[in-house]
Amino acid sequence: TDYSDWTSMSSFTTPLEVNAPYTESFDGTSAPTGWSLSATTGGPWVFTGSFTWNTYCSSSPSDNTGNSGSFARLDHSSSDADVIMETPLINVSAVTAPVIEFYHWACNYSPANSTVVEAYNGSTWSTVATIASGSASWTYYSYDATSYVYNTNYLKFRFRASDGTGTSFYMDQAIDDFQVIAAPSCSQATSLVSSSVTSSTATIGWSAPSSAPSNGYEYYYSTTNSAPTSSTTASGSVSAGTTSAALSGLTGNTTYYYWVRSYCGGSDYSDWTSSANFTTLCDPGSIPFTEGFESGTVQGTAITGCWSQE
């Protein structure tokens, strides 16, 4: 019957485990359940509210999925080092050939800030990719995660952001729509661009995925930023090996949004890309031409429409 007293209390916390396929859209107002935030200095990643978004480019992001939700964002302010957003433990036992997918947004500024994507192996972190560029639009990233599985069935990732050597607040960053899923049979196009824009025509282009689709691509464009669904009828298509399309019959001085998806035959399509956009030029004026400035002008406010001022 001779026992010592019990020791003083100690404790431990078991990690949250989620199952793949796993998607996090960051539509809440705080860090998602199971995600952790930390930083050497600066930060943190935030999920709601507003800050003065970078001034280097004229646009700022909205929710990538277009559902009026939110996204993870980081306000760089020249003191951010190793600002980390870490996933929960992800069980991939039900997924064959897992891939990690997400969207990133930043201005195209140099010298760039960076976000390092890292994978955990049970004891240390290794680099999956380093993102040090932007295009003022949501950019899709996808990486084979098979080699990062540890303890048979587990994956864990983190985003580690830091200031560059330039004016860091010119390149705030955002992440949206993180996924760990089975490798799709039909891979998505990337890097949407537009060129040769006139008042009624434009050319859109994109980069082929590493496994190019056997049956080409479909594209969809609209004057509203409402993303197409799997059942949306495409505006047009191009054959395998072609990564651009010429649009015509457009309206002058109008913003158009466009999306692309790969077609691999039968009913096998990739997801639609996130949107990109361009604005057509104004229609040419005709002679005689008169403008009385009787409406649409406000004292001290730049003239809108097809006039410009320098």
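FYI, side chains are in, hydrogens and waters are out, and symmetry mates aren't considered; it's all heavy atoms of this structure.
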Check the angle between the aromatic planes of [X] and [Y] and answer parallel, tilted or perpendicular using the 30° and 60° thresholds.
X	Y	value
Y143	F102	tilted
Y221	Y219	parallel
F26	F47	parallel
Y220	W259	tilted

Does F71 have R73 sitting over its ring (NZ/CZ under 6.0 Å from centre, angle to axis within 45°)? yes
Verify the distance criterion only: is there a donor paired with an acceptor across the side chains of [X] and [Y] at less than 3.5 Å?
X	Y	result
D75	S77	no
D163	H76	yes
D271	Q188	no

Show your reasoning for whether ring pair (Phe, Tyr, Trp, His ring centres under 6.0 Å) applies to Y263 and Y217. CA-CA 5 Å; Y263 179 39; Y217 304 87; over 10 Å; no
Suppose we call two aromatic rings close when their centres sit under 6.0 Å apart. Are Y258 and W206 close by that rule?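 Ring centroids of Y258 and W206 are no less than 6.0 Å from each other.
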Take T87 and F178, measure what side chain to side chain contact (heavy atoms under 4.5 Å, CB included) needs, and give me the verdict at the end. CA-CA 10 Å; T87 74; F178 172 89; 3.8 Å; yes
Y269 vs C186, test: side chain to side chain contact (heavy atoms under 4.5 Å, CB included). Steps then yes/no. CA-CA 6 Å; Y269 295 87; C186 195; 5.6 Å; no
